Number of protein chains: 2
Amino acid sequence: MTINLSVRALRAFVVLADCRHFTRAAERCHLSQPAFSQLIRRLEEAVDARLLVRSTRHVALTPEGALFADAARRIVADAEAAIANLRDHAAGRKGRVAIAALPSIAADWLPGLLAQFRTRHPGVTIELFDALSDRCLALVREGRADFALAAPGVNLVEFDTRPIYTDRYYLVCRRDHPLARRRSVRLHELAGCALINLSRSSSVRQHLEPLLRDVPHSSTGLEVEQLPTLAALVASGLGVSLVPELTLFHFRRPELATVLVEAAGLERPIFVVRNKGQSLSAAAAAMLEMIQARAVAKRRDGEGRARRSRRARGS
Amino acid sequence: MTINLSVRALRAFVVLADCRHFTRAAERCHLSQPAFSQLIRRLEEAVDARLLVRSTRHVALTPEGALFADAARRIVADAEAAIANLRDHAAGRKGRVAIAALPSIAADWLPGLLAQFRTRHPGVTIELFDALSDRCLALVREGRADFALAAPGVNLVEFDTRPIYTDRYYLVCRRDHPLARRRSVRLHELAGCALINLSRSSSVRQHLEPLLRDVPHSSTGLEVEQLPTLAALVASGLGVSLVPELTLFHFRRPELATVLVEAAGLERPIFVVRNKGQSLSAAAAAMLEMIQARAVAKRRDGEGRARRSRRARGS
DNA sequence: GTCAATTACGTTCTCCGTAAGGATG
DNA sequence: CATCCTTACGGAGAACGTAATTGAC
């Protein structure tokens with residue numbers, strides 16, 4: 001009872017129902033007339049009903065045939081639409097990308113990149129969640145985001161991860177600070193500085209805490225969540241801070257200076273995080289590709305800056 | 001660019017999307033696993049997109065595959081519904097029959113027959129137009145009726161016609177009329193009778209007019225449309241009339257008698273009238289079949305009565 | 001006689017099942 | 001090592017095109 005209909009046969013029948021002429025219908029289907037005739041006959045056998053009344057001179061639909069022709073038209077249209085839709089999605093002309101990214105990344109990298117993506121893939125809906133690492137991972141886990149751009153969280157083993165960038169840390173201080181004119185500083189040189197911390201829940205703080213244990217510094221006791229607040233505190237001379245490169249745009253003010261901090265392990269890797277064994281939609285894959293290309297460019301850019309810095313110091 | 005999808009392949013894909021396991025899906029489709037695998041591979045080639053991510057251990061849908069699976073489910077369901085629907089119609093379990101019939105036939109034959117048809121084909125909608133011949137033919141021509149049961153109208157050549165019954169004429173008179181006790185009369189015996197006519201537009205009148213030209217009868221000048229009126233006029237002693245057998249139920253009153261009229265050509269053929277080269281729906285064909293069977297029974301019945309009449313008169 | 005459908009027939013291609021191969025947990 | 005998907009391959013049947021046939025106007 002499991003019949004096999006081919007969309008081809010249905011299309012042929014629709015064409016025949018339209019022009020009611022085997023020879024012409026066969027031409028339109030790029031078939032010889034006998035082959036076409038056989039195709040229709042097999043269709044009638046498959047559905048086990050007479051769909052057409054044929055005389056050698058005229059072809060007419062039976063009432064059942066007319067009924068079935070409507071259904072066939074619907075099915076053929078639906079199948080063709082499904083394939084067209086599928087192709088659009090596969091080619092990245094349609095679709096949806098949902099990205100979860102750390103606020104710093106969302107604010108620094110992504111805006112320009114998303115604009116570029118949109119011009120290249122105008123049919124794709126973009127969803128962007130800017131959230132802290134844990135929330136980013138949760139979004140991926142729940143399937144609400146196709147992938148995340150995040151720093152290493154508590155537990156990444158349940159995900160597929162790939163590093164795409166290593167973010168470096170910068171000292172943020174006032175221009176009148178002793179280290180402000182330096183191209184770079186080493187971590188131990190911060191001994192004695194008054195450090196303003198980010199809140200304990202941030203990935204930056206979690207990353208820095210163990211490294212700073214060896215560096216004697218005077219604690220300011222200040223702890224903030226928002227980077228603009230931090231910038232204002234530093235500008236007011238209450239202390240200095242360490243922030244990842246990606247957040248530097250918060251600190252581009254005339255009264256502030258930013259200095260690269262060099263230290264082993266003082267690099268924050270950024271990962272692309274995805275669900276294990278789950279493939280990306282074409283649109284998401286295209287988006288990720290663009291992001292990775294940008295990351296590579298950024299890395300080269302960073303290295304260039306570093307080399308230039310070393311040359312400037314006359315090494 | 002004219003791709004061939006088979007519903008079978010789509011169904012296979014749907015099954016696979018449901019259980020995500022080639023071996024089990026193959027079993028459900030009654031295929032060997034390699035054949036099933038090939039079927040899916042060909043489907044992916046046909047739509048030119050990866051629908052599944054296969055590892056030797058796990059099978060997962062790509063986002064595009066999930067999208068297509070929805071469409072496939074829809075198409076498969078639609079195709080199966082279309083076939084089921086078609087079969088229902090072809091088997092007369094569903095459908096619509098529209099009959100156009102002379103009022104006499106509609107009132108005399110059809111009611112019991114339609115009730116019988118309805119019990120046998122409960123899913124079929126029945127439409128009944130009771131109208132005079134010309135209107136019946138118009139309904140068939142317009143496709144609003146599948147067939148008509150009518151007397152020969154002006155122009156039947158445009159239709160396919162088949163006689164199913166020949167209606168005989170009866171004299172309608174009062175019981176005190178000289179001919180009232182007769183089993184049958186010959187047309188010429190009506191000479192001198194006061195005849196009440198039906199209106200000129202009726203097929204009965206058109207049929208009778210030429211035959212009565214040779215019979216000298218006194219005209220009453222009365223002309224009516226409705227048979228109940230005619231019955232009342234005859235009952236009042238204003239004259240007699242000639243009416244087809246099918247209308248006799250109008251004249252079953254204690255004060256009236258009906259007598260078979262014998263004359264060459266004084267028979268009204270009833271035709272089944274259909275559009276040329278247009279086939280009937282299964283439901284309509286079943287209905288027509290029942291009607292014809294009933295007509296045959298009625299004819300035998302009539303002949304029986306006639307034979308009994310002749311015997312009674314001692315021929 | 002001509003047009004238009006079907007039937008006949010040989011070839012090609014599709015599609016299946018069995019058997020062997022390879023990857024993953 | 002057991003599971004499970006793929007590849008390989010030979011055979012059966014499907015499907016096409018050419019040519020011949022039938023039937024209606």
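Below, chains carry the letters A, B, ... as their sequence lines are ordered, and counting in each starts from 1. These numbers were taken from a predicted model, which means no experiment stands behind them.
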Please report, to 0.1 Å, the donor-acceptor pairs under 3.5 Å made by any side chain of residues 272-288 of chain B, with sequence neighbours excluded.
{"unit_1": "B/Arg274", "atom_1": "NH2", "unit_2": "B/Gln278", "atom_2": "O", "d": "3.2"}
{"unit_1": "B/Asn275", "atom_1": "ND2", "unit_2": "B/Val140", "atom_2": "O", "d": "2.7"}
{"unit_1": "B/Lys276", "atom_1": "NZ", "unit_2": "B/Val157", "atom_2": "O", "d": "2.8"}
{"unit_1": "B/Ser281", "atom_1": "OG", "unit_2": "B/Ala284", "atom_2": "N", "d": "3.1"}

List the atom pairs, donor and acceptor, that lie under 3.5 Å between side-chain atoms in residues 47-55 of chain B and the rest of the protein, sequence neighbours left out.
{"unit_1": "B/Arg50", "atom_1": "NH2", "unit_2": "B/Leu52", "atom_2": "O", "d": "3.4"}
{"unit_1": "B/Arg54", "atom_1": "NH1", "unit_2": "B/Glu44", "atom_2": "OE1", "d": "2.8"}
{"unit_1": "B/Arg54", "atom_1": "NH1", "unit_2": "B/Glu44", "atom_2": "OE2", "d": "3.4"}
{"unit_1": "B/Arg54", "atom_1": "NH2", "unit_2": "B/Glu44", "atom_2": "OE1", "d": "3.0"}
{"unit_1": "B/Ser55", "atom_1": "OG", "unit_2": "B/Arg57", "atom_2": "N", "d": "3.1"}
{"unit_1": "B/Ser55", "atom_1": "OG", "unit_2": "B/His58", "atom_2": "N", "d": "2.7"}
{"unit_1": "B/Ser55", "atom_1": "OG", "unit_2": "B/His58", "atom_2": "O", "d": "3.3"}

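Residue A/Phe36 contributes atom CZ, which lies 16 Å from atom P of C/dT7 at whole-angstrom precision. Residue B/His30 contributes atom NE2, which lies 16 Å from atom C1' of C/dG17 at whole-angstrom precision. For the pair A/Glu45 CD and D/dA15 C1', the interatomic distance rounds to 13 Å; values are reported in whole Å. With rounding to whole Å, A/Leu31 atom CG is found 14 Å from D/dA14 atom C1'. Atom CG of A/Leu16 and atom C1' of C/dA4 are 13 Å apart (whole Å). In this structure, B/Leu43 places its CG atom 16 Å from C1' of C/dT14, rounding to the nearest Å. In this entry the distance linking CZ of B/Arg42 with C1' of C/dT14 reads 7 Å, nearest Å. Protein atom CZ of B/Arg57 is 6 Å distant from nucleotide atom C1' of D/dC4, rounded to whole Å.
For the OP1/OP2 pair of C/dA5 and a distance below 4.0 Å, the side-chain nitrogens and oxygens of A/Thr23 include at least one atom meeting the criterion. Contact annotation: A/Arg8 reaches the phosphate of D/dC16 (side-chain N/O to OP1 or OP2, under 4.0 Å).
Sequence neighbours left out, the pairs with a member in residues 65-82 of chain A that pass side chain to side chain donor-acceptor pair (under 3.5 Å) are A/Arg11-A/Glu80, A/Asp18-A/Arg73, A/Arg74-B/Asp78, A/Asp78-B/Arg74. Annotation: ring pair (Phe, Tyr, Trp, His ring centres under 6.0 Å) contacts involving residues 65-99 of chain A, sequence neighbours excluded, comprise A/Phe13-A/Phe68. For the salt bridge (charged side-chain N to carboxylate O under 4.0 Å, His left out) condition, the pairs that include at least one residue of residues 27-41 of chain B, sequence neighbours left out, are B/Arg41-B/Glu45.
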If a protein heavy atom is under 4.0 Å from the base, mark B; if only from the sugar-phosphate, S; if neither, -; do that for nucleotides 6-11 of chain D going 5' to 3'.
BB----

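Checking D/dT3, C/dG17, D/dC16 against the side-chain heavy atoms of A/Ala35 singles out D/dC16 as nearest. Listed nucleotides: C/dC16, D/dC5, C/dG17. Nearest to the side chain of B/Ser32: C/dG17.
Distance alone, capped at 3.5 Å, places no donor-acceptor pair between the B/His207 side chain and the B/Pro269 backbone. A donor-acceptor contact shorter than 3.5 Å is absent between the side chain of A/Ser6 and the backbone of B/Leu5.
Within the nucleic acid shown, A/His58 has no heavy atom closer than 4.0 Å to any nucleic acid atom. Using a 4.0 Å heavy-atom distance criterion, A/Leu39 is classed as making no nucleic acid contact.
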